[in-house]
Amino acid sequence: MDALLSLPGLGRYGASAVMNFAFGVHIPVVDGNVIHLMNRVFGLGFRGPLDESAWRFMADFGGRNQEKQLYWGIIDMVAALCLRRNPRCTSCPLLRYCKYGRRLVK
Ligand code: SF4
């Protein structure tokens with residue numbers, strides 16, 4: 001991680017993503033998609049990818065399962081269903097668990 005962070009232009013998100021996706025090291029990855037989905041599903045108020053509490057949350061949430069599939073799933077969820085405007089909650093498999101969605105769909 002330190003070596004990656006020493007590279008110009010690579011920040012914490014990029015380095016964490018490389019660790020997970022390229023090297024299979026299970027550490028949290030936090031970007032705008034992660035923040036968006038976690039805030040909606042769990043009713044949280046993370047301010048953005050620089051919010052340290054979001055990194056701690058994802059470390060706990062993923063636990064030992066910080067698998068790349070988790071992050072690919074989050075990216076796909078936000079791209080296909082959890083749109084920033086007009087989320088497609090009625091088609092979403094997370095509706096039953098999602099605080100934001102349950103407020104929208106009565
Ligand atoms: S239920 Fe709606 S708000 Fe919740 S994750 Fe799914 S699309 Fe997003």
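When a ligand or atom number is given, it counts from 1 through the structure's own listing order.
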**Student:** Show me the donor-acceptor pairs, under 3.5 Å and distance only, between side chains in residues 29-38 and residues at least two apart or in other chains.
**Tutor:**
residue, atom, partner, partner atom, Å
D31, OD1, N33, N, 3.1
D31, OD1, V34, N, 3.0
H36, ND1, R84, NH1, 3.4
H36, NE2, R40, NH1, 3.4
H36, NE2, C82, O, 2.8

**Student:** For the CE atom of M58 and the OG atom of S53, what is their distance to the nearest 0.5 Å?
**Tutor:** 12.5 Å
**Student:** Report yes if the distance between the aromatic ring centroids of F42 and F61 is under 6.0 Å, otherwise no.
**Tutor:** yes
**Student:** By the salt bridge (charged side-chain N to carboxylate O under 4.0 Å, His left out) test, which pairs, at least two apart or in different chains, include something from residues 44-54?
**Tutor:** R12-E52, R47-D51
**Student:** Would you indicate whether the side-chain heavy atoms of I27 and N20 approach each other to under 4.5 Å?
**Tutor:** yes
**Student:** For ligand 1, which part of L37 has a heavy atom less than 4.0 Å away: the side chain, the backbone, both, or neither?
**Tutor:** side chain
**Student:** Listing by chain and number, which protein N, O or S atoms are under 2.8 Å from atom 6 (Fe) of ligand 1?
**Tutor:** C92 SG
**Student:** Apply side-chain contact (heavy atoms from CB on, under 4.5 Å) to L83 and list each qualifying residue two or more places apart in sequence or on a separate chain.
**Tutor:** R88
